[in-house]
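Each chain gets a letter, A, B and so on, in the order its sequence line appears, and its residues count up from 1.
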Amino acid sequence: MGVLAPLVALALAPLLMGIIGKTKALAGGRTGAPLLQLYRDLFRLLGKGEVVSGTATWVFRAAPSVSLAAVAAALLFLPQGPLAPPLSFSGDLILFAYLLALSRFALVAGAMDTGSSFEGMGASREAAFSALAEPAFFLVLGGLAWARGGLSLWAAFGGEGAAAPGSAPALLLMAGAFFLVLLAENSRIPVDDPATHLELTMIHEVMVLDHSGPNLAFILYSASLKLWLYSALFASLLLPRANSEGVRFLLFLAGVAVTGVLVGLVESVMARLRLSRVPQYLGLAAALAGFAVLLLMAGGRP
Amino acid sequence: MAWTGFSLLVATALLLGLRRLLLQGRERAAGPTWGCGYGAPSPRMQYTASSFAQPLLSIAPTLIRASLRKRRPKGFFPDGASFQSHYPDPADRRIYEPAVRGVLAVAKALRPLQQGRLQNYLLYVLLALVALLLWQVLA
């Protein structure tokens, strides 16, 4: 039972990216790439050779593997709707957050290793924005864990007590804050534009600019896994009760797909924020999460 | 909990192995780092520690007083310009350094007690003994 949850994510994560791309294309009046395009891209990249910069060392060559391994390890704690994760213990929220931070650190170290000013710029921006997103992230996760009485992801997001009546305002605020954090941590508009070609406007893409071949495949796959992780948590926040586990699981998958559509719509409608405004954006997320925690504390545990 | 560390190491090893396996017999070229087509990159153009920290530190400028030294280019054919930034650690400057200075000042004041003359040390032992005996008597 516990093994099934990570397999779902490992198999379906590139499909989520496909949904986002298709949404953006349809919103722009185009047909766009097929839904399974990222699978094809990954397969193609795994079959290619590699070009490595002359100034890069083993850090650069090993970084994508470490990054993907860290995201996959974080996946071991993630409940997929009603499916229990293989590993769960009290306090694994914090381990989860820092496994994702380890993944980001590996990418940042690899980016700084190339000695390019573009990649250093992307690395410093990414590090700054993820540091600013931490309060909102921990307020949502911690608040939910406190409300549901268990300091683990499975207790906070999965299990039977997932949706309780009377806590709807707090859950909606948390969902809003978490969606803002999702957009920031996965380098989506309004924090970063994944489709830009101008290096000075990139944050995440410019960090991975020099990777090629299998390394690039690892990076694209770990980015899609990370987006699946955040979308799964977002969908689990708002998942309603259902009679059977099967129905609940289908609702969960639909919720993740809807999250992808939402991300695609946000990307189609908005432009990227000025970089000096991103701290305010993340402050907004933290404020929403803080209000949600206040509501939870004032209303007693749901 | 040990499973996490174990699985992390195993996953990293598997991925590195997969990468090595895939790249065997394939073209592995070396090229210059992408510099947007600029022809003469140099090591001085990369990000330093100070520039890496700048986006995060620029949010609270009064807390972190950056010292910036600028010499701007002047005129239509400027001959040179320079920029130096230094971000001192506020905790270091305002908490740790004064505390350490205080402790060092007290230590310095006690230094004359230690000059290496045996008769002074015997005098200290005598004084300590007298003090303890007095304390015994008076308590």
Side-chain angles (χ1 to χ4, degrees), chain A residues 46-56 61-62 64-74 76-77 86-87 89 91-92 95 99 102 106 108 111-112 114-121 123-129 131-132 199-200 206 209-210 212-215 217-218 275-276 278-279, chain B residues 1-64 66 83 85-87 89:
Chain A
L46 284 174
K48 285 195 164 193
E50 194 174 61
V51 177
V52 178
S53 159
T55 53
R61 290 194 286 269
S65 308
V66 174
S67 171
L68 180 55
V71 175
L76 292 175
F77 295 98
L87 294 178
F89 56 87
D92 69 12
L95 181 60
L99 280 171
L102 176 66
V108 164
M112 297 297 283
T114 61
S116 155
S117 33
F118 289 128
E119 307 204 12
M121 175 192 78
S124 78
R125 287 174 181 175
E126 172 103 2
F129 294 157
L132 293 173
E199 293 89 349
L200 286 178
V206 73
L209 205 53
D210 268 301
S212 53
N215 268 355
F218 289 167
L275 287 176
S276 52
V278 175
Chain B
M1 206 182 314
W3 280 107
T4 320
F6 183 69
S7 57
L8 186 59
L9 288 172
V10 165
T12 311
L14 279 177
L15 287 170
L16 286 174
L18 175 68
R19 185 176 161 265
R20 178 168 296 209
L21 190 71
L22 287 173
L23 285 177
Q24 246 169 11
R26 296 228 191 113
E27 178 200 1
R28 302 179 68 163
T33 303
W34 174 245
C36 202
Y38 183 65
S42 85
R44 288 179 52 229
M45 291 178 193
Q46 61 180 330
Y47 258 55
T48 62
S50 180
S51 43
F52 186 85
Q54 190 263 343
L56 193 56
L57 297 178
S58 60
I59 292 171
T62 49
L63 190 64
I64 300 180
F83 178 84
S85 70
H86 180 59
Y87 292 95
D89 186 349

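Heavy atoms closer than 4.5 Å to chain B are found in the side chain of A/A131, but not in its backbone. A/F218 touches chain B through its side chain: at least one heavy atom from C-beta onward sits under 4.5 Å away, while N, CA, C and O do not. At a 4.5 Å heavy-atom cutoff, A/L275 makes no contact with chain B through either its backbone or its side chain. Residue B/S58 does not touch chain A at all, counting heavy-atom pairs closer than 4.5 Å. Heavy atoms of B/L16 lying under 4.5 Å from chain A belong to its backbone as well as its side chain. Heavy atoms closer than 4.5 Å to chain B are found in both the backbone and the side chain of A/E50. Looking at A/V278, neither its backbone nor its side chain comes within 4.5 Å of chain B, counting heavy atoms on both sides.
Looking only at heavy-atom pairs under 4.5 Å with chain A, the residue among B/L57, B/T12, B/V10 that has the most is B/T12. For chain B, the option among A/A56, A/G49, A/S124 with the highest count of heavy-atom pairs below 4.5 Å is A/S124. In terms of non-hydrogen atom pairs under 4.5 Å with chain B, the most contact-rich of A/M121, A/R125, A/M112 is A/M121. In terms of heavy-atom pairs under 4.5 angstrom with chain B, the leader among A/A72, A/P64, A/A73, A/A123 is A/A123. Between chain A and the options B/G31, B/A30, B/P55, heavy-atom pairs under 4.5 Å are most frequent for B/G31. Counting heavy-atom pairs closer than 4.5 Å to chain B, the top-ranked of the candidates A/S67, A/S212, A/A217, A/S117 is A/S117.
A/L76 and B/S7 get closest at one heavy-atom pair: CD1-OG, 3.4 Å. Among all heavy-atom pairs drawn from B/W34 and A/F118, the shortest one is O-CD1, 4.0 Å. Across every non-hydrogen atom of B/L15 and A/A69, the tightest pair is CD1-N, 3.7 Å. Shortest non-hydrogen contact noted between A/P279 and B/I59 is CG-CD1, 3.9 Å. Shown here for A/A127 and B/F52, the closest heavy-atom pair between the two residues is CB-CZ, 3.8 Å.
Here the CG atom belonging to A/L46 is positioned 11.0 Å from the CG atom belonging to B/L21, to the nearest 0.5 angstrom.
Between A/P214 and B/L23, some side-chain heavy-atom pair lies under the 4.5 Å cut-off. Counting heavy atoms from C-beta on, the side chains of A/L209 and B/T33 never come closer than 4.5 Å. Counting heavy atoms from C-beta on, the side chains of B/R28 and A/V52 never come closer than 4.5 Å. Counting only heavy atoms from C-beta outward, the side chains of B/T4 and A/F77 approach each other to under 4.5 Å.
Atom CZ of B/R26 is surrounded by more than 12 heavy atoms from other residues, nucleotides or ligands within 6.0 Å.
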